[in-house]
Amino acid sequence: MKLAYGQQGGHLIHVSEVERGQSGCYCPYCGVAIIPKKGKVMAHHFAHRGKSCWQPNAYDFFGLEKQLPLYLDLETYAHETYAHYLKHNRQLSEQQQHWQQRQASDQEAIRQYYTHLRQQRPSDYQLLRLYLVDEAQTLPDFNYPKKIYFALQNFHTQQYRLREIEDKLSYFEEDAIRFRKFMLYFLKIQVSVQAVIYKIGITARALELRLAEIERDLRWHFPQLDIQVLFTLSNAAFLENFFKQKYQQHRYELAQFTEYFVLPPHEVDQILSELNRISKLKSYQSFCS
C-alpha cells in the first residue's frame, strides 16, 4: 500500500513537502527509512526501501489507492468520501459489538458447564481444560448439552474473528488520528505584477512553517512574490490528491514541483465556494466530531 506521509524530526511530513529522492523520513509504523516516489503517472507516495510493513487492513485515508471519480465536483466527492468513512467505521464497530456479544454469551455457558465438570467429572474437566487453553487440542469426545457443544465449537473461531475485527478497527482509528493532523490549504501566489499561480497542499505542521518553506523554494524562480492564504480546511487531506488530478490541465510546470496551478478567476471562485460548502456539510461535521 502507498504511504502518503512519513515521520521526520518528530513531525508527520506529507510526500508533497519533500523533494524527490532522499527525504530523511521514516515510516511512522515501523521506523524504517522511506523514500518519496514522485513520478508523473502514479499518485505521489512514500515507499519502503525494502518490503512494506503495511498491514492489509490499513485504510487508505488519502485516496492514493483507489480510482478517483474526477467527474465529481469537490463538494460531492468530499460528501461521498466522508459518508464512506463513517459507514466503514460504523460497520467495524457493529461487527465488533456483534462478535463480543456472541463470545460473551458462549463463554458464560462454557463457564457454567466448566464449573459443573470440575465438581462432578474431574477427568472430563481436565480434557476440556486442555482444549480451552490450547486451541490445537481437538474437542474431547463425550456427551455435551446441545448449547454447550455449539458454544465450544465456535469458541476459537469467535476468538480469531473478534481479534481480526478489533485489529481492523484499531488500524482504522490510528490512521484516522494521523489523518486528522493534516490541514488542507489553498494559496494564491502573486509572482509578478500580472502573473498569479495557485497551490493546493496539506501539512501536519504549523502553516506558517510550511509557508516559509514554500516562499524559500519559490524565491529561486520569482524574486518578488506575495503569498495569500485563500482557504484552510482540517480533516480534508484526501482532497489534495483529488484536486491535483481533477485540475491537471491547469497545472503550472515549475521545476520538480507539481502542486502549482494557473486557474481562471471563475474556477477559483468555484473552488472557494465548494470548499466553504464542504466545511458546512453534515457528513463533514459528523466525521470531525
Side-chain angles (χ1 to χ4, degrees), residues 1-39 42-55 58-65 78 81 85 170-189 198-220 225 227-244 254-260 275 278-279 284 287-289:
M1 186 175 185
K2 303 181 185 74
L3 187 61
Y5 55 89
Q7 193 88 21
Q8 185 185 74
H11 297 284
L12 290 175
I13 304 292
H14 188 256
V15 67
S16 65
E17 300 181 85
V18 297
E19 296 182 3
R20 184 184 291 109
Q22 303 298 322
S23 67
C25 291
Y26 298 86
C27 174
Y29 297 89
C30 68
V32 169
I34 52 179
I35 55 175
K37 300 287 187 177
K38 306 184 75 170
M42 300 177 67
H44 293 177
H45 63 282
F46 283 109
H48 286 70
R49 293 187 179 276
K51 187 176 180 181
S52 174
C53 74
W54 273 70
Q55 299 291 330
Y59 195 82
D60 181 24
F61 272 92
F62 291 80
L64 299 184
E65 294 284 338
T81 302
Y85 288 165
S170 175
Y171 277 117
F172 181 89
E173 291 173 342
E174 288 176 9
D175 285 348
I177 289 172
R178 292 185 175 93
F179 173 81
R180 287 187 171 101
K181 291 182 179 179
F182 285 86
M183 172 186 289
L184 180 86
Y185 56 82
F186 184 47
L187 308 179
K188 176 183 178 180
I189 307 171
Y198 296 86
K199 175 174 173 58
I200 188 80
I202 59 177
T203 184
R205 298 172 294 163
L207 184 57
E208 293 76 13
L209 177 61
R210 181 60 184 141
L211 293 178
E213 291 177 344
I214 293 170
E215 182 174 1
R216 180 200 63 203
D217 292 338
L218 292 179
R219 287 288 181 191
W220 288 93
L225 58 88
I227 301 176
Q228 180 183 355
V229 180
L230 296 182
F231 207 95
T232 61
L233 189 62
S234 59
N235 299 315
F238 59 85
L239 284 176
E240 188 251 6
N241 188 37
F242 181 78
F243 185 102
K244 289 192 335 186
L254 180 64
Q256 75 273 23
F257 304 113
T258 62
E259 296 86 22
Y260 294 93
L275 290 175
I278 288 170
S279 68
Y284 172 75
F287 181 78
C288 295
S289 62

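Starting from 1, each residue takes its place in the sequence as its number.
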Are side-chain heavy atoms of [X] and [Y] found at a separation under 4.5 Å?
X	Y	answer
F243	L184	no
T203	L209	no
I34	R49	no
I214	Y185	yes
H44	S16	no

For R178, enumerate each residue passing the salt bridge (Lys or Arg N to Asp or Glu O under 4.0 Å) test, keeping only those at least two apart in sequence or located in another chain.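 None.
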Residues forming a salt bridge (Lys or Arg N to Asp or Glu O under 4.0 Å) with R180, sequence neighbours excluded: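 Result, salt bridge (Lys or Arg N to Asp or Glu O under 4.0 Å) vs R180: none returned.
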Count the heavy atoms of every other residue, nucleotide or ligand shown that sit under 6.0 Å from OH of Y26, and state whether that count exceeds 12.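 Atom OH in Y26 is not crowded, with 12 or fewer foreign heavy atoms closer than 6.0 Å.
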Roughly how far apart are [X] [atom1] and [Y] [atom2], rounded to 0.5 Å?
X	Y	atom1	atom2	answer
L225	E215	CG	CD	5.5 Å
L187	Y198	CG	OH	11.0 Å
I200	K244	CD1	NZ	10.0 Å
I202	M183	CD1	CE	11.5 Å
F46	H48	CZ	NE2	11.0 Å

One pair to check against side-chain contact (heavy atoms from CB on, under 4.5 Å): F61 and F182. What are the steps and the verdict? CA-CA 11 Å; F61 272 92; F182 285 86; over 6 Å; no
Minimum heavy-atom distance between [X] and [Y], given as atom pair plus value:
X	Y	result
G6	P28	CA-CD, 4.1 Å
E17	A204	OE2-N, 4.4 Å
L64	L3	CD1-C, 4.1 Å

Name all pairs fulfilling the side chain to side chain donor-acceptor pair (under 3.5 Å) condition that reach into residues 228-238, sequence neighbours left out, sorted by first residue then second.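 Side chain to side chain donor-acceptor pair (under 3.5 Å) check on residues 228-238 returns S234-Y284.
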Does K38 use its side chain to pair, donor to acceptor, with the backbone of V15 at less than 3.5 Å?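 Confirmed, K38 side chain pairs with V15 backbone.
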State which residue, out of H11, Q8, E213, H14, fulfils the side-chain hydrogen bond (donor to acceptor under 3.5 Å, both in side chains) condition with R205.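 Between R205 and the candidates, side-chain hydrogen bond (donor to acceptor under 3.5 Å, both in side chains) is satisfied uniquely by E213.
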Parallel, tilted or perpendicular: which one describes the rings of F287 and F179, with boundaries at 30° and 60°?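 Rings of F287 and F179: perpendicular, as their planes differ by over 60°.
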Mind telling me whether F62 and Y5 have parallel, tilted or perpendicular rings, with 30° and 60° as the class edges?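 Geometry flag for F62 against Y5: tilted rings.
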Take L239 and T81, measure what side-chain contact (heavy atoms from CB on, under 4.5 Å) needs, and give me the verdict at the end. CA-CA 10 Å; L239 284 176; T81 302; over 6 Å; no
